[in-house]
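Notes follow the structure.
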There are 2 protein chains.
Amino acid sequence: MSATNTAVTSQLSGSASTGPCGDDDCGIRDVLDRLGDRWTVLVLVELYKGVRRFNQLQRAIPGISQRMLTVTTKRLCRDGFVERTAYPTIPPQVEYRLTDMGRSLADTASALADWSRTYKDAIAVARDRWDAEHMQ
Amino acid sequence: MSATNTAVTSQLSGSASTGPCGDDDCGIRDVLDRLGDRWTVLVLVELYKGVRRFNQLQRAIPGISQRMLTVTTKRLCRDGFVERTAYPTIPPQVEYRLTDMGRSLADTASALADWSRTYKDAIAVARDRWDAEHMQ
DNA sequence: CGGAATCCGATGCGATACTG
DNA sequence: CAGTATCGCATCGGATTCCG
């Protein structure tokens, strides 16, 4: 691996060294490192609806900066969740769509989203209780 | 909410302001902010096996620092996923166990872990391919 | 239009030292 | 034993500017 490539990939993920993992950890960290960041899930959700262009995504996801949309889509492409198609027109036109694996991930993630919706209130209650008990 | 409490809670999570969320986002960010960090899942997995004491957890989770174990368990307690029981003995003895909600979360997370195991290799392949194509 | 490059503040996390 | 307090580095992500 060249120094150039190291520089390229290090922008995308620090997971080159997964480090020692117990037994249950292996693999899930890579996925959680993606899903855990601020925008990946939202991009996944939007692309689940269909093919989208760059600015379409940005308009559909309020608050995401140009930079983070670039970074997020690029990471998703790298890991094989999203496919990028660039048409060499002027002005340029780029389409993003989920791969089968990306769709599979989105399905699984939506199970987590369902769980979140179910327990959202319970978490809030627990949190308020804790906060109330731990303020002097 | 007092300034004191704000200080306390701000150590645990920056999610006081979830910010504007589209429609699909609501709730899941709170959960992913937990699951996404380096140690939460590992602690969850270990506690899934049964009641554990502080040092038991630390020995069972290689690489976790005392500080991160404290922070992680405290966050899990705050959100109602883990219950903490302290016995005022000398030396002190503290037990951690999953709540029903915590067990439910661990179950859901393990679905994601299963997914990860299934696609782990495919991700690695996609990543290598991408890296190979994007190095000069 | 769809980025890339740079700067910078906020947060995450490890290491270390101290405590009831 | 089970923490707390402080430091310092690394990464994340927002804002801005430049480019083909």
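All values derive from a computational prediction rather than experimental measurement. Lettering follows sequence order; numbering is per chain, from 1. Computation of the quantities below employed the complete heavy-atom set of this structure, encompassing side-chain atoms and omitting hydrogens, waters and symmetry-equivalent molecules.
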- Message: My understanding is that only one of A:Asp33, A:Asp30, A:Asp37 makes a salt bridge (Lys or Arg N to Asp or Glu O under 4.0 Å) with A:Arg75; could you say which?
- Response: A:Asp37
- d(CD, A:Gln58; C1', C:dG2) in whole Å: 10 Å
- Protein-nucleotide distance (B:Asp37, atom CG; C:dG14, atom P), rounded to Å: 10 Å
- Item | A:Arg34 CZ to D:dT11 P, straight-line distance once rounded to whole Å | 13 Å
- Message: What is the separation between atom CG on A:Asp33 and atom C1' on C:dG12, rounded to the nearest whole Å?
- Response: 12 Å
- By nearest nucleotide on DNA chain D, pick out whichever of A:Met68 and B:Thr70 is the more 5' one. B:Thr70
- Message: Is the phosphate of C:dG12 approached by B:Arg38 (side-chain N or O, under 4.0 Å from OP1 or OP2)?
- Response: no
- Residue pairs passing the salt bridge (charged side-chain N to carboxylate O under 4.0 Å, His left out) test where at least one lies in residues 79-90 of chain B, sequence neighbours excluded: A:Arg127-B:Asp79, B:Arg34-B:Asp79
- Sequence neighbours left out, what passes ring-ring contact (aromatic ring centres under 6.0 Å, His included) with A:Trp115? Give chain and number order. A:Tyr119
- Does A:Gln93 have any side chain to side chain donor-acceptor pair (under 3.5 Å) partners at least two apart in sequence or in another chain, and if so, which? none
- Task: Can you tell me which residue pairs pass the ring pair (Phe, Tyr, Trp, His ring centres under 6.0 Å) test with a partner in residues 43-64 of chain A, sequence neighbours excluded?
- Result: none
- Whether each nucleotide of nucleotides 15-20 of chain C has a protein heavy atom under 4.0 Å at its base (B), only at its sugar-phosphate (S) or at neither (-) is summarised, 5' to 3', as B-B--B
- Message: Angle between the end axes of the helix from C:dC1-D:dG20 to C:dG20-D:dC1, five pairs per end, to the nearest 10 degrees?
- Response: 40°
- Query: What residues, two or more places apart in sequence or in another chain, satisfy side chain to side chain donor-acceptor pair (under 3.5 Å) together with A:Asp128?
  - Reply: none
- Can you check the A:Arg59 CZ to C:dC1 P distance for me, whole Å? 8 Å
- Is the backbone of A:Gly102 close enough, under 3.5 Å, to the side chain of A:Thr99 for a donor and an acceptor to pair up by distance? yes
- Separation of A:Leu42 atom CG from D:dG13 atom P, in whole Å? 12 Å
- Item | Whole-Å gap separating C1' (C:dC13) and CG (B:Leu69) | 14 Å
- For residues 50-72 of chain A, the side-chain hydrogen bond (donor to acceptor under 3.5 Å, both in side chains) pairs (sequence neighbours left out) are A:Glu46-A:Arg52
- Short side-chain N/O contact from B:Lys74 to OP1 or OP2 of D:dG3, under 4.0 Å: no
- Message: Classify B:Tyr87 by what it touches in the nucleic acid, base, sugar-phosphate, or nothing, heavy-atom distance under 4.0 Å.
- Response: nothing
- Query: For D:dG3, does OP1 or OP2 lie under 4.0 Å from any side-chain N or O of B:Tyr96?
  - Reply: yes
- Can you tell which of C:dG3, C:dC13, C:dG2 lies closest to the side chain of A:Arg53? C:dG2
- Query: To the nearest angstrom, how far is A:Phe54 atom CZ from C:dG2 atom C1'?
  - Reply: 6 Å
- Does B:Val125 have any side chain to side chain contact (heavy atoms under 4.5 Å, CB included) partners at least two apart in sequence or in another chain, and if so, which? none
